[in-house]
Amino acid sequence: MDILLPNRTAVVTGAGRGIGQGIALVLAREGADVAIGDINIANAEATAKQIRALGRKAIAIKSDVGTRDGADMLIAQSLKTFGKIDILVNNAGVVGAQGWQERPVPNDDDWQAVLRVNLMSRIYCSEAVMPHMKKRKSGRIINIASIGGIIGGALIPHYTASKAADINYTQSLAAIMAPYNVTVNAILPGLTFTEMLKGIYQQRTLQNRERSEMTPEEILKASEMRTPMGRAQTPEDLGNAVAFLCSDYAKNITALSLDVDGGMRTH
Ligand SMILES: NC(=O)c1ccc[n+]([C@@H]2O[C@H](COP(=O)([O-])OP(=O)(O)OC[C@H]3O[C@@H](n4cnc5c(N)ncnc54)[C@H](O)[C@@H]3O)[C@@H](O)[C@H]2O)c1
């Protein structure tokens, strides 16, 4: 089978672990060289190493994309290294400030943290890359939102509100960038068993929303059973959706919110 992304260059934020790492590895599998941005440089280096093992180029860049300076630096360094950016994946995300897993109810710091990382990072990174993509009249921007951005709930209202903003910003940016042949889409993951999800189940146990004797793994199993397709997503499932939206097959798809959740949201 032909690869989907020959000669492309991608920047993936928060790609040191979890979903971002899965996305970076799939993009590399499909032919892309990848710049890995993360606040955790050791994890970013580890992902870059795996990408080089696939025969692609990779760089790891320590960057906090929740600041404009961090986002500007990530994009500038990536451009300096690769000479062009075809794909930006805004994946980095948090559920709150330090220690959020221990707080049954989000405090002001948690609200600020999700807005900074889950929304502002999308704006900062997109604005940093837009002049380059506009000039080339080519590019793909993918925002990793969440099915929680469509269905709010009692558990993590700050997080789901930030993801709703992410989806809405995707639609606006798609309209802004359409005249420049740049598509902008959101992917809405459902359950994906990462460190973030483990933290959410730890917090849920505190909130007594699940039987407290269940381990995070057991809670995941129970949630999977309620998913029509019968399993959680893997980071690779998300990567496959990103690769499709960045490929030539998707050149006329923009402003989309694509659930990758095994049918969970609608059932
Ligand atoms: N795991 C799920 O079930 C799930 C479901 C829906 C949506 N999502 C979304 O998917 C994305 C990835 O989530 P995950 O589950 O892999 O989380 P994770 O916590 O496992 O990984 C997040 C990564 O982002 C990095 N990061 C955090 N803040 C950053 C910052 N300011 N600058 C740069 N890097 C930063 C972390 O160091 C980490 O490597 C997030 O946007 C999340 O909201 C996850």
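The first residue in the sequence is number 1, and the count goes up from there. Remember, predicted model here, so these are calculated numbers, not experimental data. Just follow the structure's listing: the first ligand is 1, and inside any ligand the first atom is 1.
- The protein heavy atom nearest to atom 20 (O) of ligand 1 is Arg17 NE, 3.0 Å.
- In terms of the side chain to side chain donor-acceptor pair (under 3.5 Å) criterion, residue partners of Asp248 (sequence neighbours excluded) are, by chain and number, Arg8.
- Put simply, the side chain of Leu245 reaches to within 4.5 Å of the side chain of Ile253, judged on heavy atoms.
- Every atom of ligand 1 is numbered from 1 in the order shown, and the set under 4.0 Å from a heavy atom of Ala92 is 24 (O), 34 (N), 35 (C), 41 (O).
- At a 4.0 Å cut-off, not a single heavy atom of Asn43 sits close enough to ligand 1 to count as contact.
- Checked against a 3.5 angstrom limit, the closest N/O atoms of Asn40 and ligand 1 fall outside it.
- A heavy-atom distance below 4.5 Å is not found between the side chains of Ser257 and Thr170.
- One option in Gly18, Gly93, Ser63 has a heavy atom closer to atom 22 (C) of ligand 1 than any other, and that option is Gly93.
- The heavy-atom pair separating Met130 from Ile176 by the smallest distance is CE-CG2, 4.1 Å.
- Not a single heavy atom of Gln21 sits closer than 4.0 Å to an atom of ligand 1.
- Assignment of Phe193 to the shell around ligand 1 is not supported, since no heavy atom sits closer than 4.0 Å.
- At least one heavy atom of Arg122 sits closer than 4.0 Å to an atom of ligand 1.
- Contact of the Val129 side chain with the Val11 side chain is not registered, since no non-hydrogen atoms from C-beta on lie closer than 4.5 Å.
- Between atom 11 (C) of ligand 1 and the options Ile19, Asn91, Leu191, the minimum heavy-atom separation is to Asn91.
- Summarising the geometry of Gly139 relative to Met133, their closest heavy-atom pair is CA-SD, 3.9 Å, with the distance given to 0.1 Å.
- Listed by number with element, the atoms of ligand 1 under 4.0 angstrom from any heavy atom of Val94 are 27 (C), 28 (N).
- No option in Arg140, Arg136, His132 other than Arg136 meets the side-chain hydrogen bond (donor to acceptor under 3.5 Å, both in side chains) test with Asp86.
- Considering backbone and side-chain atoms together, Arg116 places no N or O closer than 3.5 Å to any N or O of ligand 1.
- Residues Met264 and Arg226 fail the side-chain proximity criterion, which asks for heavy atoms closer than 4.5 Å.
- For the pair Pro235 and ligand 1, no heavy-atom separation below 4.0 Å is found.
- The nearest heavy-atom contact from the protein to atom 34 (N) of ligand 1 is Ile39 N, 3.4 Å.
- Ile36 places a side-chain heavy atom less than 4.5 Å from the side chain of Ile51.
- Checking Asp38, Thr194, Val65 against atom 15 (O) of ligand 1, the nearest heavy atom belongs to Thr194.
- Here is the list of ligand 1 atoms found below 4.0 Å of a heavy atom in Ile144: 9 (C), 10 (O), 11 (C), 41 (O).
- Residue contacts with ligand 1 include Gly190, since one of its heavy atoms falls under 4.0 Å from the ligand.
- Taking a cut-off of under 4.0 Å to the non-hydrogen atoms of Asp64, the atoms of ligand 1 that pass are 30 (C), 31 (N), 32 (N).
- At a threshold of 4.5 Å between non-hydrogen side-chain atoms, the residues Gln112 and Arg116 do not count as touching.
- Under 4.0 angstrom from ligand 1, there are no non-hydrogen atoms of Ala15.
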